[in-house]
Colleague: 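Following this message is one structure expressed as structure tokens.
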Amino acid sequence: MIFDSHTHYDDKRFDDDRDSLLSSLGENGVGRVMSACASMQDIGPILALADRYDFLYASVGVHPHEAEEMRDRDLEILKEAAQHPKVKAIGEIGLDYYYDNSPRDLQRLWFAKQLELAKELDLPVIIHDRDAHGDTMDILRTHHVEQVGGVFHCYAGSVEMAKEILDWGMYIAFGGSLTFKKAVRPAEVAAYVPMNRILLETDCPYLTPEPHRGKRNDSTYLSYVAQRIAEIKGVSTEEIIKITYENANRCFRIAE
Ligand code: NI
């Protein structure tokens, strides 16, 4: 069974068929999903999904896009929400210098504060890093991410950077972009990362893999990503699916 380690099923693009889609995941080979939180407004809908579906787990946290909106009392709300038994991570948190939707100093401030929260709660983190490798790594290093671990979502860094992330005991997640024709560097990184540290993720509704690129993404398309990793690693797709399922459970500390 597949473990989709990063989804956004609360997104409005699932409004028309969310329940039928989620109900059919099991029969389509998807065993578990992590629903990643991106804003304070996501918390309620995501926890409602986690209450409704046994196989759906949740993170709580605020994406760098929303950093400018954050206030100190939000940390208290996140802390409270993290007491829910299905909350298994703090995320997605990090830096996004591609869109720069919030000022960079505020992105760094709230990334650091949420990392400290993860340590206080002893929860792993889900990291979002877009065009901000240097600062992301600096903050993770300074705040000792190795104390909680977690996953680099939609990894777009170098092999060199992956080495340090792996030294911290973290996992590296690959999604649809690995199947794109121009994905030379992601393929090099996937070849380098040991099999017991790889996670599968859709980031759905975004980043649909080939050959369905352009359509709305969902967890059932992850088999194409598993197939691509299997090709790179020279093992069977079934083996990749099995190992990444175990990895995700270990990363998020979920009992098998
Ligand atoms: Ni995401």
Side-chain angles (χ1 to χ4, degrees), residues 2-15 18 21-22 25 30 32-47 49-50 56-67 69-70 78 81-82 86-102 107 110-111 114-115 118 123-133 136 140 150-157 165 170-180 183 186 198-209 212-213 215-222 224-225 244 248 251-252:
I2 284 173
F3 195 135
D4 187 347
S5 68
H6 195 111
T7 66
H8 297 283
Y9 282 116
D10 58 314
D11 191 279
K12 62 179 183 315
R13 291 173 68 187
F14 293 110
D15 281 354
R18 182 175 296 106
L21 176 64
L22 286 171
L25 287 182
V30 179
R32 286 179 174 172
V33 305
M34 169 58 72
S35 196
C37 179
S39 72
M40 295 304 292
Q41 293 73 34
D42 286 352
I43 297 172
I46 286 177
L47 293 185
L49 288 176
L56 187 146
Y57 296 85
S59 71
V60 293
V62 176
H63 192 286
H65 285 345
E66 312 281 331
E69 310 301 321
M70 279 200 89
L78 289 172
K86 300 289 284 296
V87 171
K88 299 294 181 185
I90 297 295
E92 55 185 295
I93 59 173
L95 303 173
D96 194 313
Y97 292 175
Y98 178 79
Y99 286 108
D100 277 326
N101 284 356
S102 279
Q107 291 190 39
W110 288 101
F111 179 25
Q114 292 183 92
L115 263 178
L123 283 171
V125 287
I126 299 172
I127 302 298
H128 173 101
D129 158 27
R130 187 145 185 211
D131 289 359
H133 302 330
T136 300
L140 291 174
V151 56
F152 251 75
H153 131 73
C154 198
Y155 186 73
I165 293 166
M170 294 181 77
Y171 294 77
I172 293 184
F174 295 98
S177 40
L178 190 63
T179 66
F180 302 163
I198 293 176
L199 301 191
L200 297 178
E201 66 161 42
T202 50
D203 200 16
C204 64
Y206 312 105
L207 287 170
T208 313
H212 297 286
R213 207 171 169 183
K215 288 192 209 163
R216 182 188 72 178
N217 201 4
D218 69 58
S219 304
T220 61
Y221 288 145
L222 260 186
Y224 297 102
V225 179
T244 52
C251 174
F252 299 125

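All of these numbers come straight from a predicted model, not from anything done at the bench. Each ligand, and each atom within it, is numbered from 1 in the order the structure gives.
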Colleague: Are there any protein N/O/S atoms under 2.8 Å from the Ni ion (ligand 1), and if so, which?
Modeller: His6 NE2, His8 NE2, Glu92 OE2, Asp203 OD1
Colleague: Which distance, rounded to the nearest 0.5 Å, do you find between the CG of Leu78 and the SG of Cys37?
Modeller: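 The distance works out to 7.0 Å.
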Colleague: Using the test ring pair (Phe, Tyr, Trp, His ring centres under 6.0 Å), find all partners of His212 that sit at least two apart in sequence or belong to another chain.
Modeller: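 Residues passing ring pair (Phe, Tyr, Trp, His ring centres under 6.0 Å) with His212: Tyr221, Tyr224.
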Colleague: So, is the end of the Arg130 side chain (NZ or CZ) under 6.0 Å from the ring centre of Tyr97 and within 45° of the ring's axis?
Modeller: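 No, cation not above the ring by the 6.0 Å, 45° rule.
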Colleague: When Thr202 is tested against each of Asn217, Val33, Thr208 for side chain to side chain contact (heavy atoms under 4.5 Å, CB included), which residue passes?
Modeller: Asn217
Colleague: Taking all heavy atoms of Leu95 and all of Ala132, pick out the closest pair and write down the distance.
Modeller: CB-CB, 3.6 Å
Colleague: Quick one: is the NZ or CZ of Lys88 closer than 6.0 Å to the six-membered ring centre of Tyr57, and within 45° of its axis?
Modeller: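 No, Lys88 does not lie over the aromatic ring of Tyr57.
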